[in-house]
2 protein chains.
Amino acid sequence: MTDGHELAIALRAAYLALHRRSEAAFAALGVTADQFVLLATLDRGDALTQRELSRRMSSDPSTVRAMLVLLEQRGLVGRAPHPTDARARTVALTADGKRAFQRLWAAGEPIRAQMLGALRPDEASALVSLLARVARGLSAESASAPATSHSPEDDV
Amino acid sequence: MTDGHELAIALRAAYLALHRRSEAAFAALGVTADQFVLLATLDRGDALTQRELSRRMSSDPSTVRAMLVLLEQRGLVGRAPHPTDARARTVALTADGKRAFQRLWAAGEPIRAQMLGALRPDEASALVSLLARVARGLSAESASAPATSHSPEDDV
DNA sequence: TATTGTTATACTCTATAACTATA
DNA sequence: TATAGTTATAGAGTATAACAATA
């Protein structure tokens, strides 16, 4: 019989294993695992507001800002005024950032291959789906979930 | 088709959701999510060496030490000389620590219930198994894994 | 020689609260 | 009134390297 604690510990162990391997793989390029996630999110959704970026990364906006400051100093990302909302700023990869991300993506390839190699294709797909349900179950409910807030357009 | 990046992001999102809910649930009791994991590990395997504790938590020994110092200051854990290995120290919950853990365990119950509530029993069990395979795939291999080191007996 | 644990150190992520500017 | 972002601040976890004591 599987209890919740066992599931929590298994989830933690798998994530930490992934995180450590990622830190090691990206360290030579001077980027942390979380910074890689940020860059990858930008690569897929250019250009996002900081708020939308933080939502997609499931990180706090002020955490994301701290990360952006570091990445901006290194010239990997740039921020520009939002075209229609003067409060907001859009974030995007710079040319340097795009080149760096290509190298990072390649450096992460063995990790992705290793994860997939431990699973059959149908298992990988099932795992993603189960994880999504767990995540959804954990964030919503429990307090008759408040409606998601309105925000300026994500992509510009 | 499920790619490795998608899996990595889903794993991260699920873990972070769990971590945040845990931080919130345990904050009123003055304990972090990671400290809860440490206490739970001790509750199940009294008394461990620091090294074995760090292994079971998949954390770095020096990280675990930093956590132990904090928990020892608050009287939740105690360290004693190892009975047969003078280099090692065993860690265990104090009486206060055991009482605190009981409250923490109760505070975490809604989280465990919510995770399990999102899954059928067979799915929960399958998820644990898939996560374990991913974790194993990520830590071993890749460099013809070195043998695990020998260590003094885990339990005293 | 290898291992347990300690110490010193540094950095990233994390998050809260108070604040400004804009919607 | 609510939202986007900034600032200040604090703390936790993370990890490396050098070291002592012991196996």
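Nearer the 5' end of DNA chain D, as judged by each residue's closest nucleotide, is the contact made by Arg79(A), out of Thr63(B) and Arg79(A).
Applying a 4.0 Å cut-off to non-hydrogen atoms, the residues of residues 29-39 of chain B that approach DNA chain D are Thr32(B), Asp34(B), Gln35(B), listed by residue number. Scanning residues 6-18 of chain B for heavy-atom distances under 4.0 Å to DNA chain C yields an empty list.
For Ser62(B) against dT7(C), no side-chain N or O and base N or O form a donor-acceptor pair under 3.5 Å.
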Enumerate donor-acceptor pairs with a distance under 3.5 Å from any side-chain N or O in residues 68-75 of chain B to protein atoms, sequence neighbours excluded.
residue  : atom : partner  : partner atom : Å
Glu72(B) : OE1  : Arg79(B) : NE           : 3.1
Glu72(B) : OE1  : Arg79(B) : NH2          : 2.7
Arg74(B) : NH1  : Gly30(B) : O            : 2.5
Arg74(B) : NH2  : Gly30(B) : O            : 3.3

Show every donor-acceptor pair shorter than 3.5 Å between a side-chain atom in residues 99-111 of chain A and any protein atom, with sequence neighbours excluded, or say none if there are none.
residue   : atom : partner   : partner atom : Å
Arg99(A)  : NH2  : Asp96(A)  : OD1          : 2.4
Glu109(A) : OE1  : Arg112(A) : NH2          : 3.0

Do any side-chain atoms of residues 120-128 of chain B form donor-acceptor pairs under 3.5 angstrom with protein atoms, and if so which ones, sequence neighbours left out?
residue   : atom : partner   : partner atom : Å
Arg120(B) : NE   : Asp122(B) : OD1          : 3.1
Arg120(B) : NH1  : Glu123(B) : OE2          : 3.3
Arg120(B) : NH2  : Asp122(B) : OD2          : 3.1
Glu123(B) : OE1  : Arg133(A) : NH2          : 2.7
Glu123(B) : OE1  : Arg120(B) : N            : 2.8
Glu123(B) : OE2  : Arg133(A) : NH1          : 3.0

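Legend: residues meeting side chain to side chain donor-acceptor pair (under 3.5 Å) with His19(A), ordered by chain and number and at least two apart, are Asp34(A). Here Asp60(B) pairs with Ser62(B) under the side chain to side chain donor-acceptor pair (under 3.5 Å) rule; sequence neighbours left out. Applying the side-chain contact (heavy atoms from CB on, under 4.5 Å) criterion to Ser54(A), with sequence neighbours excluded, gives Pro61(A), Val64(A). Considering only residues two or more places apart in sequence or on other chains, Leu93(B) meets the side-chain contact (heavy atoms from CB on, under 4.5 Å) condition with Leu39(B), Leu42(B), Asp43(B), Asp46(B), Val77(B), Lys98(B).
Classified by interplanar angle (parallel below 30°, tilted 30° to 60°, perpendicular above 60°), the ring pair Phe36(A)/Phe26(A) is parallel.
When distances are taken from the side chain of Arg20(A) to each of dA15(D), dT14(D), dG5(D), the shortest belongs to dA15(D).
Screening residues 49-77 of chain B for ring-ring contact (aromatic ring centres under 6.0 Å, His included), with sequence neighbours left out, gives no hits.
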Polar atom pairs (N or O), protein with nucleotides 18-23 of chain D, under 3.5 Å:
residue : atom : partner  : partner atom : Å
dA23(D) : OP1  : Ala86(B) : N            : 3.1

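dG5(C) atom C1' lies 18 Å from atom CZ of Arg55(B), rounded to whole Å. In this structure, Leu70(A) atom CG and dT14(C) atom P are separated by 12 Å, rounded to whole Å.
Five base pairs at each end of the helix from dT1(C)-dA23(D) to dA23(C)-dT1(D) define two local axes, and these are offset by 20° (rounded to 10°).
Heavy atoms of Arg65(B) sit under 4.0 angstrom from at least one base atom.
Using a distance-only test at 3.5 Å, with no hydrogens or angles considered, no donor-acceptor pair links the side chain of Thr90(B) to the main chain of Leu48(B).
Salt bridge annotation for Arg55(B)-Glu52(B): present, with a cationic side-chain nitrogen under 4.0 angstrom from a carboxylate oxygen.
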